[in-house]
Amino acid sequence: MAFKVGLLGLGTVGAGTVDILRDPFQRHPLLQELVIHKVGVRSLDKPRSVDLPLNLLTTDLDAIVSDPEIDIIVEVIGGLEPARSLMLKAIAHKKHVVTANKAAIARFGEEIFSAAAEAGVYVLLEAAVGGGIPVIEPLKQSLCANRIRTVMGIVNGTTNYILTRMQAEGGDFAEILADAQQLGYAEADPTADVDGFDAADKIAILASLAFGGRIKLAEVYCEGIRQVNATDIAYAEKLGFVIKLLAIAKRDSATDPEQLQLRVHPTLVPKAHPLASVNDVYNAILIEGDPIGQVMFFGRGAGAGPTASAVVSDILNIAALLKVGRGQVTQADGTPLLDPLLACSHQHYCTIAPLEDLITRFYARFLTQDYPGVIGKLGTCFGNHEVSLESVVQTGIRDGSAEIVVVTHDVREGNFRQALDEIKAMTTVASVASVLRVL
Ligand code: HSE
């Protein structure tokens, strides 16, 4: 039996997928039953490194998604359009879809999964989060007996590379970003990565699976790493932390267990925490559930081979269903029957807790006049807003001002922000140089 695959896109991930599909030796035997039927590309003239007969290539992507011979469409062109329209068209033609497209899934998940449920096809997306790291299938299947409390991770390799170098070299963000761009570790337009949007897409997808509800992407709080600087990294280091861009989805049991915290921001992570030692371009996702406790997934979050590994695992999952006749099953009343562990089954939207109700620790750095009583005033102001301080450090003078670094205990974000507004208005305070959350 042969299962025909239509590939949309022959960039890095597409080429990696072709490499695996055309070299099944010592891999799962089911791979030998997969056939690349057509590959959609933007230009037929571009030189290609992949081992692929040229007659498989076409620029007519619409013809691929409506080709009656094709069973599985693999969308690895990325971006929002035409990826969304092509996936919807493939679904309408009753084709199963495998995608690596976190941006399209995070924005159009409802539309895509509703269409798939109606058509009785699967849309699988292991490669959309964490590249080669298996985390989607574990959340759907291996961990499904658990009540998930937290999904927290480093899901963007570019920012992890930049922060790791800032930590190691003591450099500032702008210079290390420029160097990372030169070396090809960061995109020429780094916005999606450094402003946290890529991580927000990914945590929205993970949260949806972990907590069994849809997520409105606009409700994910998102702060990138542009404001992280060498001074804060050095202070964090002295205080026993490293700074990481964390994506966090958490059941907000402190306030309302029905609400989720959903946020992406640079975070001071204690050096002993499992995520603190995830460096360079590596990704890791830490999941906490009941009864499993903690489980962490670690690996390469991008790149041709790792991402293609995830894409091909999804293709094989679908091929396995097709092989045993479970690809498209219709019930007596004519409605499609899908495997509930593989298909998306949730309909409602999760409720996201307001950020001001978040309970967390904070790190803040102030530049103040060097007068007696300034630290006392800061402490009194925080105390008035029920913000308890864990440590206060004044190590020296910067730009003619005293530099004071404060770490709080767990406090309500709204209270902390109110105290901060009052502190900003103090004549003795030159500036609030930085504010970061602490894990
Ligand atoms: N741009 C992403 C990253 C890789 O830097 O991790 C693809 O998801």
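Start at 1 and go down the list; that is how both ligands and their atoms are numbered. Here the structure is a predicted model, which is why all the values come from computation and not from measurement.
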Counting each atom of ligand 1 from 1 as listed, which ones have a heavy atom of [X] under 4.0 Å away?
X: Asp193; value: 1 (N), 2 (C), 3 (C), 5 (O)
X: Gly157; value: 3 (C), 5 (O), 6 (O)
X: Lys102; value: 7 (C), 8 (O)
X: Ala302; value: 4 (C)

Is it the case that Lys323 places NZ or CZ above or below the six-membered ring of Phe3, under 6.0 angstrom from the centre and within 45 degrees of the axis?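 Negative - Lys323 is either too far from the ring of Phe3 or too far off its axis.
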
Where on Asp198 is there a heavy atom closer than 4.0 Å to ligand 1, on the side chain, on the backbone, on both, or on neither?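 Looking at Asp198 and ligand 1, just side chain atoms fall under 4.0 Å.
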
Does ligand 1 have a heavy atom under 4.0 Å from the side chain of Asn156, from its backbone, from both, or from neither?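 Both backbone and side chain.
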
Is [X] salt-bridged to [Y], going by a charged N under 4.0 Å from an acidic O?
X: Asp71; Y: Lys95; answer: no
X: Lys38; Y: Asp67; answer: no
X: Arg84; Y: Glu81; answer: yes
X: Glu413; Y: Arg437; answer: yes
X: Asp421; Y: Arg417; answer: no

Between ligand 1 and Lys202, can you find any atom pair, the residue atom being a heavy atom, that is separated by under 4.0 Å?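 The answer is yes: ligand 1 sits under 4.0 Å from a heavy atom of Lys202.
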
Would you mind checking which non-hydrogen protein atom is closest to atom 5 (O) of ligand 1, with the distance to 0.1 Å?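 Ranked first by proximity to atom 5 (O) of ligand 1 is Thr158 OG1, 2.6 Å.
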
